[in-house]
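Here is the structure we will look at, set down as structure tokens.
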Amino acid sequence: MEDGQQKEKVKPPGFLKPFSLMKVSGRFKAHQDSLPRLPVPPLQQSLDHYLKALQPIVSEEEWAQTKQLVEEFQTSGGVGERLQKGLERRAKKSENWLSEWWLKTAYLQYRQPLVIHSSPGLMLPKQDFMDLQGQLRFAAKLIEGVLDFKAMIDNETLPVEYLGGKPLCMNQYYQILSSCRMPGPKQDTVVNFSKVKKPPLHITVVHNFQFFELDVYHSDGTPLTSDQIFVQLEKIWNSSLQTNKEPVGILTSNHRNSWAKAYNTLIKDKVNRESVRSIQQSIFTMCLDAPMPRVAKEEYLSHVAGQMLHGGGGPLNSGNRWFDKTLQFIVAEDGSCGLVYEHAAAEGPPIISLVDHVMEFTKKPESVRSPMVPLPMPRKLRFNIMPEIKKDIEKAKQNLGIMIQDLDIRLMVFHHFGKDFPKSQKLSPDAFIQVALQLAYYRIYGHACATYESASLRMYHLGRTDTIRSATMESLVFVKAMDDSSMLENQKIELLRRAVQAHRAYTDRAIRGEAFDRHLLGLKLQAIEDLVSMPDIFMDTSYAIAMHFNLSTSQVPAKTDCVMFFGPVVPDGYGVCYNPGAAHINFSVSAYNSCAETNAAHLARSLEKALLDMRALLQGHPWAKL
Ligand code: COA
């Protein structure tokens, strides 16, 4: 994901600017300008932290070898110092030394399909409707809610968020609506249409694989009310009843190189080009899904997660998506709903703020019935499916089918306690959960693994994320001690507290911009840019182990009772996401069926037991008495 540098410049279409280059103005600009710039950490500090982070996951021999390479790298006047100076120069010249690099290496040059591999899904609470009327009413209200949120973005009145008492960069909020990724042969682009001369006034609605352009503003600039949107959705529904349409949207689920090739063929046709352009420029997409096949009650949550993440495959709803679109809401006839979003534009938290706002909005009763003005029929977006494209669609269907078969995903509501319990023990809830994950993993595998947790860098202008490495020596000592019958309970409690505190301390460093992962990535990219040979520390076994994240995790907290999910980042790994409530925690765990060693349900059960055991340990010995 971080390899394969792209030298050629990919131009976005026409007059449009990639979002990172957009100029902004007004109140938003003033806030953005007031934020500090992301610092480049001192070289020695990052290398010391790197060596420390390796200890729980590599052998002693590997560690000794790496230590030597690190010493050579940081010798005075050596390559490390030169690259560090290069980075510092870059930091002086740019708004954020990391953000463009990160956008390219983590997203735009990443060639795996967006589906499962990159785009997170989100499941919303099941709505209590069971028919078409209910589906369209809810979808209409949801659309109205997004437009209500958009008004705050447009007039720059979104309240500034804070983390640890510090104001956060709000840039990602300005990227999630009216934007779309576009495939390229070696590198994609992501284009934001909200700051162009004539910003879009329409959304895309998909039903039975058929796309529609729905204008959501009146000519005087006021948004349609949900009653009016409902009428428009009914029209769309009634004119897309055929179920034998080619699922052209499924092309966007393919490997990026294959999709880029198919895209060029597709848009050679003028009608297709205009339809694609309309989808790309729309504010967001509303997918009106066919009902899912019925499944056993205990399978329901995991099944919906799959539905949101990938659409269920060619015969189901995957053709009811345009996966390049930054934001796609999904509402199915049976009351299940959620979204899938393209990750290049933003992390989960801004998406969640929007979701929290929209879900609150949907609960508001209709105050006045809006006048039923005659509204034009939404425009159907037509596609001419040439034989070559038909072949591409078939291939995309097959590939997606294989990917879906391979995905093992479990949603778990841990209902025994939520973040109130660790708080009552004066422990950080996030760190407590991460230590429980270490215990769950260790109990299955008997060793620790490289673990990734996203930390926000939004304290800094245009900040995205850095890595909290949850496998620490403190967590390893604790997980080993936990099941050691020769250890006293008091000692175990002490080790548990130390592990949690070590994690929290790592988090504090990471959000201050002092974690080492992005710094090392920067040094590596600087070496590529300077055309110097790749330093040995990046060619080392320990580095490969450190970058092989068997556990890829993220906390995405929400007021809404929901959870996000994503696929593992390595073939033998897990993707774990959680939303801790006060009294329960929603978890998602994913793995690949093709890996005999991983099993999502198994890890979920182990995690549940780890959390319960850790609570029992602490409750057996109230901390105040120690
Ligand atoms: N005693 C009592 N309470 C404590 C505590 C302690 N020792 N430590 C923390 N708490 C409280 C906090 O005050 C906070 O209270 P609140 O619920 O009133 O807000 C709560 O517990 C949660 O804190 P904590 O669990 O420590 O986590 P956090 O909210 O600081 O989040 C991260 C930690 C890493 C998730 C956060 O810093 C972050 O970076 N988030 C962004 C991640 C991201 O981008 N994810 C998406 C990727 S797509």
Side-chain angles (χ1 to χ4, degrees), residues 102-103 106-107 114 117-122 161-166 168-173 175-176 309 326-327 339-355 417-437 451-460 462-470 496-515 517-518 549 552-559 562-567 569 575-585 588 590 611 618 623-624:
W102 181 248
L103 179 67
Y107 302 112
L114 300 181
H117 295 283
S118 181
S119 297
L122 171 104
E161 290 174 318
Y162 286 78
L163 180 67
K166 298 263 167 53
L168 298 184
C169 174
M170 298 297 285
N171 183 55
Q172 291 180 31
Y173 282 95
Q175 316 306 338
I176 56 185
L309 203 55
T326 304
L327 191 57
L339 63 82
V340 58
Y341 83 93
E342 200 290 299
H343 212 328
E347 267 70 60
I351 304 285
I352 289 292
S353 291
L354 183 148
V355 163
F417 60 87
K419 57 182 177 175
D420 281 356
F421 171 70
K423 277 188 192 179
S424 71
Q425 295 288 321
K426 301 272 180 280
L427 294 171
S428 146
D430 184 68
F432 187 84
I433 294 167
Q434 286 288 333
V435 172
L437 253 170
T451 308
Y452 181 112
E453 184 192 4
S454 341
S456 177
L457 283 180
R458 286 176 53 210
M459 264 181 204
Y460 297 101
L462 301 183
R464 297 288 303 254
T465 58
D466 207 326
T467 312
I468 304 166
R469 288 186 170 261
S470 313
L496 165 56
R497 288 187 171 280
R498 270 194 215 159
V500 170
Q501 277 148 13
H503 186 90
R504 186 60 234 185
Y506 203 130
T507 302
D508 288 335
R509 282 202 308 276
I511 62 177
R512 284 200 310 266
E514 291 174 20
D517 270 88
R518 300 297 182 268
F549 290 108
S552 168
T553 77
S554 187
Q555 180 189 153
V556 185
K559 291 190 193 115
C562 61
V563 66
M564 269 197 178
F565 25 81
F566 40 78
V569 296
V576 180
C577 193
Y578 48 95
N579 171 16
H584 74 285
I585 310 169
S588 63
S590 65
L611 286 162
L618 290 167
W623 62 274

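By convention here, the first residue in the shown sequence is residue 1. Side chains are part of it too, since the values below use all heavy atoms of this structure and drop only hydrogens, waters and symmetry mates. Atoms within a ligand are numbered from 1 in the order they appear, just like the ligands themselves.
Rounding to the nearest 0.5 Å places CG of L437 at 6.5 Å from OG1 of T553. Distance check: K426 NZ to L618 CG gives 13.0 Å after rounding to the nearest 0.5 Å. From L611, atom CG reaches atom CD1 of I585 across 5.5 Å, with rounding to the nearest 0.5 Å. The CG atom of D508 sits 11.5 Å away from atom CD of Q501, with the distance rounded to the nearest 0.5 Å. Annotation: the span from L427 atom CG to H503 atom NE2 amounts to 12.5 Å, rounded to 0.5 Å. Interatomic distance, OG of S454 versus CG of D466, reported as 10.0 Å (0.5 Å rounding).
In terms of protein heavy atoms, atom 41 (C) of ligand 1 is closest to S456 CB, 3.7 Å. Nearest to atom 10 (N) of ligand 1 among the protein's heavy atoms is P429 CD, 3.8 Å. Among all non-hydrogen protein atoms, the one lying nearest atom 36 (C) of ligand 1 is L163 CD1, 4.4 Å. Scanning all protein heavy atoms for the shortest distance to atom 25 (O) of ligand 1 gives D430 N, 2.6 Å. Ranking protein heavy atoms by distance to atom 42 (C) of ligand 1, first place goes to S454 O, 3.5 Å. The nearest heavy-atom contact from the protein to atom 35 (C) of ligand 1 is Q555 NE2, 3.5 Å. Nearest protein neighbour of atom 8 (N) of ligand 1, counting heavy atoms only, is S428 CA, 3.3 Å. Distance from atom 14 (C) of ligand 1 to its nearest protein heavy atom, with residue and atom name: K423 CE, 4.2 Å.
In this structure, atom 5 (C) of ligand 1 has protein heavy atoms in its sub-4.0 angstrom surroundings. At least one protein heavy atom sits closer than 4.0 Å to atom 17 (O) of ligand 1. At a distance under 4.0 Å, no protein heavy atom can be found next to atom 29 (O) of ligand 1. Contact annotation for atom 48 (S) of ligand 1: protein present (non-hydrogen atoms, distance under 4.0 Å).
Contact annotation: for A431 versus ligand 1, there are no heavy atoms closer than 4.0 Å. Only the side chain of T507 comes within contact range of ligand 1, with a heavy atom under 4.0 Å; no backbone atom does.
Here is the list of ligand 1 atoms found below 4.0 Å of a heavy atom in R504: 24 (P), 26 (O), 27 (O), 28 (P), 30 (O). Atoms of ligand 1 found under 4.0 Å from any heavy atom of G348 (numbered from 1 in listed order, with element): 46 (C), 48 (S). Within ligand 1, the atoms closer than 4.0 Å to a non-hydrogen atom of S554 are 45 (N), 46 (C), 47 (C), numbered from 1 in the order shown. Interface atoms of ligand 1 facing A455, defined by a heavy-atom separation under 4.0 Å, are 39 (O). Distances below 4.0 Å separate heavy atoms of I468 from the following atoms of ligand 1: 34 (C). Those atoms of ligand 1 with a heavy atom of I511 less than 4.0 angstrom away are 37 (O), 39 (O). Numbered from 1 in the order shown, with element, the atoms of ligand 1 that lie under 4.0 Å from a heavy atom of K426 read 1 (N), 6 (C), 7 (N). Proximity to K419 (heavy-atom distance under 4.0 Å) selects the following atoms of ligand 1: 17 (O).
Closest to atom 44 (O) of ligand 1 by heavy atom, among P120, C577, P349, is P349.
Proximity of P349 to R458: side-chain heavy atoms (C-beta onward) are separated by under 4.5 Å at one or more points. Here the side chains of Y341 and L122 are not in contact, with every heavy-atom distance at 4.5 Å or above. Contact check for K423 versus P429: side-chain heavy atoms found under the 4.5 Å cut-off. Within the 4.5 Å cutoff, side-chain heavy atoms of E161 are placed close to those of Y173. The shortest distance between side-chain heavy atoms of I352 and N579 does not fall below 4.5 Å. Residues S590 and F565 form no side-chain contact, since every pair of their non-hydrogen atoms from C-beta on lies 4.5 Å or further apart.
Listed here is the closest heavy atom pair of L103 and A344: CD1-O, 3.4 Å.
Screening I433, D430, V556 against P580 for a side chain to side chain contact (heavy atoms under 4.5 Å, CB included) leaves a single residue, I433.
The shortest N/O to N/O separation between T465 and ligand 1 does not fall below 3.5 Å. For a threshold of 3.5 Å applied to N or O pairs, the pair formed by H343 and ligand 1 contains no separation below that value.
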Residue pair S554, E347: steps toward the side-chain hydrogen bond (donor to acceptor under 3.5 Å, both in side chains) verdict:
CA-CA 10 Å; S554 187; E347 267 70 60; over 6 Å; no
